[in-house]
Amino acid sequence: MAEARLAAQGLVRTFDGGVGIRGVDIDVQPGEIHALVGLNGAGKSTLMRVLLGMLRPSDGSVAIEGHDLRAAPNRIWAGVGHLVEYPLAYAELTVRGNLALGARLHGVRAEDIPPTVASVMEELNLEQYADRRAGRLSLGNRQRLGLASAIQHDPRLIVLDEPTNALDPSGVILLREALQRRAERGAGILVSSHHLDEVARIADRVTVLNSGIIIGSLDPNGIDIERAFFDLVHTHDKESA
Ligand SMILES: Nc1ncnc2c1ncn2[C@@H]1O[C@H](COP(=O)(O)OP(=O)(O)OP(=O)(O)O)[C@@H](O)[C@H]1O
C-alpha cells in the first residue's frame, strides 16, 4: 500500500471541563476523501488542530507522509492545505492578492502563481471578486477564499473543518467537485461535517467521533446514514453512561 498521507496513533488532548480527544487513531490514504462526523463538542476540531500541529497532544503521534509532525521538513508542509477555524485573509488585500500570497507561502514558483490563482478562482467562482478587498467579502465568499487558498497549490494532504459552513448550494457543489478532482489526482482529504447527506455524497470513508473517541464508521452508500449515525452515537452514550 502507498504511504498514508496522514497517520496518527493514540492521540489524546483533554481540557478542564471538556472532553477533547481521548485516544484517537486515524489515517488518510492517497486518493481518498475521509469524512469525520460527530455531534457538537464531539472533538472534531480538536482532532484536526492536533493533526495539523496547531495544538500539542498530551499523548500520541502524528505522521504526515511518514514524517513525524514535529520534524516534518518544509517540502512536506508545502504539500498540505488546510482550513480549520476561521478563514485567514488579509482584509486589506484583494482576493487575488491573498491567493497570490498564499500560493507563494506554499512554495508555488513565481511564474506559476498567476495561472494557479486564476484557475482556483474559476474553480470556486470567485473571479468576479478578484479585485475586491477580502475585508469587504460576504461570509460565504470569505469561506470560498479560505478554501481556495487551502487547495490552490494542489496539496497532497487537505484537511478541512466544516468547509461547507456558510457556503450556498452552488458553493457546496463547486467545493465537492474541486475536492473530487484533487482526490482523483491522488490527494488524501480529511473533512469534518455535520451534514450527513453531503458527506454521503462525497466521502469514500466516514468515521464517527463521539465524546472524544472514534466509535465506528458509516457506509457512505448505506440506505439511511442518518439513522445509522444516531444508532452508533446512542449506543455509545448508553454504554458509557
Ligand atoms: N480550548 C479549549 N478549552 C477548553 N475546552 C475545549 C477547548 N477546545 C475544545 N474544548 C472542548 O473539547 C470538546 C471537543 O470540542 P471540539 O470543538 O473539538 O468539538 P467539535 O466536534 O469540533 O464540535 P462542533 O461540531 O461544535 O464544532 C468540547 O467538550 C469542548 O468544550
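None of the values given here were measured: they were computed from a predicted structure. Both counts, for ligands and for their atoms, begin at 1 and track the order of listing.
Of all protein heavy atoms, the one lying nearest to atom 20 (P) of ligand 1 is Lys44 N, 3.5 Å. Ranking protein heavy atoms by distance to atom 29 (O) of ligand 1, first place goes to Val19 N, 3.4 Å. Nearest protein neighbour of atom 16 (P) of ligand 1, counting heavy atoms only, is Thr46 OG1, 3.6 Å. Among all protein heavy atoms, the one lying closest to atom 27 (O) of ligand 1 is Glu162 OE2, 3.5 Å. Among protein heavy atoms, atom 19 (O) of ligand 1 sits closest to Gly43 N, 3.1 Å. Shortest contact from atom 31 (O) of ligand 1 to any protein heavy atom: Gly18 CA, 4.3 Å. In terms of protein heavy-atom proximity, atom 14 (C) of ligand 1 is nearest to Gly41 O, 3.3 Å.
Proximity of Ile21 to ligand 1, defined as any heavy-atom pair under 4.0 Å, is not found for any part of the residue.
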Trace of the side-chain contact (heavy atoms from CB on, under 4.5 Å) decision for Gln143 with Glu162: CA-CA 10 Å; Gln143 179 76 356; Glu162 290 172 32; over 6 Å; no
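Remark: side-chain polar atoms of Gln152 are paired, donor with acceptor, to backbone N or O of Leu99 under 3.5 angstrom.
For ligand 1, the polar-atom distance check against Phe15 finds no nitrogen or oxygen pair separated by under 3.5 Å. Ligand 1 has no N or O atom lying under 3.5 Å from any N or O atom of Gly38, backbone or side chain. Every N/O-N/O distance between Arg49 and ligand 1 stays at or above 3.5 Å. Checked against a 3.5 angstrom limit, the closest N/O atoms of Gly20 and ligand 1 fall inside it.
Distances shorter than 4.0 angstrom do not occur between any heavy atom of Asp161 and any atom of ligand 1. For the pair His194 and ligand 1, a heavy-atom separation below 4.0 Å is found.
Near Ala42, meaning under 4.0 Å from any of its heavy atoms, are these atoms of ligand 1: 19 (O), 20 (P), 21 (O). Residue-ligand proximity, Ser45 to ligand 1, at heavy-atom distances under 4.0 Å covers atoms 17 (O), 18 (O), 20 (P), 22 (O), 27 (O).
Salt bridge Asp154/Arg181: absent, no basic N to carboxylate O contact under 4.0 Å. Remark: Glu198 engages Arg176 in a salt bridge, criterion side-chain N to carboxylate O under 4.0 Å. The pair Lys44-Asp161 fails the salt-bridge criterion, with no side-chain N (NZ, NE, NH1 or NH2) lying under 4.0 Å from an Asp/Glu carboxylate O.
Taking the side chain as every heavy atom from C-beta outward, Ile26 and Leu51 approach each other to under 4.5 Å.
No more than 12 heavy-atom neighbours from other residues, nucleotides or ligands sit within 6.0 angstrom of CZ on Arg104. Counted within 6.0 Å of OH on Tyr90, heavy atoms from surrounding residues, nucleotides or ligands total 12 or fewer; the atom is thus considered open.
For atom 24 (P) of ligand 1, the nearest non-hydrogen atom from the set Leu209, Leu47, Asn40 comes from Asn40.
Hydrophobic cluster membership is shared by Phe15 and Leu209, with clusters built from Ile, Leu, Val, Met, Phe, Trp and Tyr side chains linked at under 4.5 angstrom.
Nearest heavy atom pair, residue Leu232 against residue Val208, reads CD1-CG2, 3.8 Å.
For atom 9 (C) of ligand 1, a protein heavy-atom neighbour is present inside the 4.0 Å cut-off.
A distance of 6.0 Å separates CD1 in Ile151 from CG in Leu179, rounded to the nearest 0.5 Å.
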